[in-house]
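Below: one structure, written as structure tokens.
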Number of protein chains: 2
Amino acid sequence: MGISRKDLKQVIVFQNATDDDLNQIIQNSITRSLEEGEFFFLQGDPANYLYVLVNGQVKLLQTNPSGQQVNLRTIYPRQMFGALGAVREQADYPASAQALENSSALAIKSAFLHEMMETRPYLSFDLMKLMTSYIQEMQSRYRELATERVEQRIARALLRLTVQSGQKVDEGIDLAFSRQDLAEMSGTTLYTVSRVLADWERQGLIRAGREQIHITNPHGVVRIAEGLEK
Amino acid sequence: MGISRKDLKQVIVFQNATDDDLNQIIQNSITRSLEEGEFFFLQGDPANYLYVLVNGQVKLLQTNPSGQQVNLRTIYPRQMFGALGAVREQADYPASAQALENSSALAIKSAFLHEMMETRPYLSFDLMKLMTSYIQEMQSRYRELATERVEQRIARALLRLTVQSGQKVDEGIDLAFSRQDLAEMSGTTLYTVSRVLADWERQGLIRAGREQIHITNPHGVVRIAEGLEK
DNA sequence: CGGACGGTTGACACTAGTCAAATTGAGTGG
DNA sequence: CCACTCAATTTGACTAGTGTCAACCGTCCG
């Protein structure tokens, strides 16, 4: 049930931590287990904890005033989320974190990690490395959203999911996401996603089912993502 | 011409640096002065330096394979840019930095700052704070781009520029940006920006000129940015 | 067996992009 | 100081690409 030192060491940000550090972190944490659909935190909540996902799957999303959602990122086990609050004191979460399936995560007190970072350069440095990769990803996605067509962006979303799911690209990839999920990830509507997928299915690139997408021709999807098609 | 310790201390990331640190930084830096239109670095170049703008104005932009540009951020004096490369060794700049006017910047060796950070927690911590604010801004802009209409996004771009330029919102604001700039900042085309501005001018919200926008009714622009209009 | 939920599809509206052509304005050299 | 040049901007015409809405279908699950 609980998380061990060994598990924690697999987390990128903690890879350079000493055993003693890890023990302290564990002592200042609690484990939270949520059912599918529940939220670890909501956009605007005070960011008192940062989380390390132990198992399950979590999506980070932003909601605009009129309720439309945008999917920022999907979190997989051993990844950290809610970390932005650990940096500034008294910050609020800039996004919400919802469990996509039954999930449990280690909740570390932000204030505690904050304190630790003051004396352990490796910690803020590694966390910063993580942040820079986020920035780069967000910048790229921003550019894509600003300059690319929907079809291309959906293809990119699928490929990103493929990479994150860690499956081999060789022969067929299975992904479990709804049209709505895809739409939120690529900044479009579920209707358009549905039409695009139907089209790809006709071309033999994928086989689509209920909350299920099987990519039969990854190379073809890559070509669309790169904008070589059309 | 050169930059003093006192100047450098105004830079957010160096606010907690000791005088000795600042001296070392200056010793490991050179000053680069560019004419309007020239580039401090191009997307894809090896990120050997990070910069602190001394004077002038610089825009960070990303270009997609087909040459379309997206404006990520405008840099003002005492702000840092090109810092993503300082974190990972042997990284490439993920964006280009172009001088919007004659500008000079302090170029600090990435490897040197990298080394410094290993022993000075405050440095990576403060840099991380900066990164988190970038992430939040990019996330918000991403959501806006995904969910809001062009008019709204242009209004937001104007307001962001207003805040960054540090002018009072009270009675009229002057901004010096072309339609093309605005378009790149809000993810649209210069034609659409031109039409929208013409419309706003008819409504008496702004007065527009060549590379010049005067906001006469800031409150009205805010209403549009918030989506209250229409 | 009956919902409920996810998905599909058609009809239609409409935003915003594209392209071409005209216009304006600022700066420059004579 | 004026004509000239070139970039910035405007505007119209046209339309591709997507969003919107509604109706309908299929299937999973209690």
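Keep in mind that the numbers below use all heavy atoms, side chains included, and drop hydrogens, waters and symmetry copies. Convention: sequence-line order gives letters A, B, ...; per-chain numbering from 1.
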Salt-bridge criterion met for B:Glu226 and B:Arg156 (N-O under 4.0 Å): no
Polar contact flag, side-chain donor to acceptor under 3.5 angstrom, A:Tyr51-A:Arg32: yes
Contact under 4.0 Å: A:Thr192 side-chain N or O vs D:dG19 OP1/OP2: yes
Side-chain N or O of B:Ser178 closer than 4.0 Å to phosphate OP1/OP2 of D:dA8: no
A:Ser194 side-chain N/O to C:dT9 phosphate OP1/OP2 under 4.0 Å: no
Distance below 4.0 Å between B:Arg179 side-chain N/O and D:dA8 OP1 or OP2: no
Residue A:Leu190, side-chain atoms from C-beta onward, closest of C:dA16, D:dG19, C:dT8: C:dT8
Per B:Ala198 side chain, nearest of listed nucleotides D:dT11, D:dG19, D:dT10: D:dT11
Donor-acceptor pair under 3.5 Å, A:Arg210 side chain vs D:dC28 base: no
side-chain N/O A:Thr188 vs D:dG19 OP1/OP2, d < 4.0 Å: yes
A:Ile30 atom CD1: more than 12 heavy-atom contacts under 6.0 Å: yes
Using atom types as modelled, flag every donor-acceptor pair under 3.5 Å from a side chain in residues 70-81 of chain B to any protein atom, sequence neighbours excluded.
| unit_1 | atom_1 | unit_2 | atom_2 | d |
| --- | --- | --- | --- | --- |
| B:Asn71 | OD1 | B:Arg73 | N | 3.0 |
| B:Arg73 | NH2 | B:Glu137 | OE1 | 2.6 |
| B:Gln79 | OE1 | B:Tyr76 | N | 3.2 |

Between the protein and nucleotides 13-16 of chain D, which nitrogen or oxygen pairs come in under 3.5 angstrom?
none

Flag for B:Ser110-B:Asn48: side-chain donor and acceptor within less than 3.5 Å: no
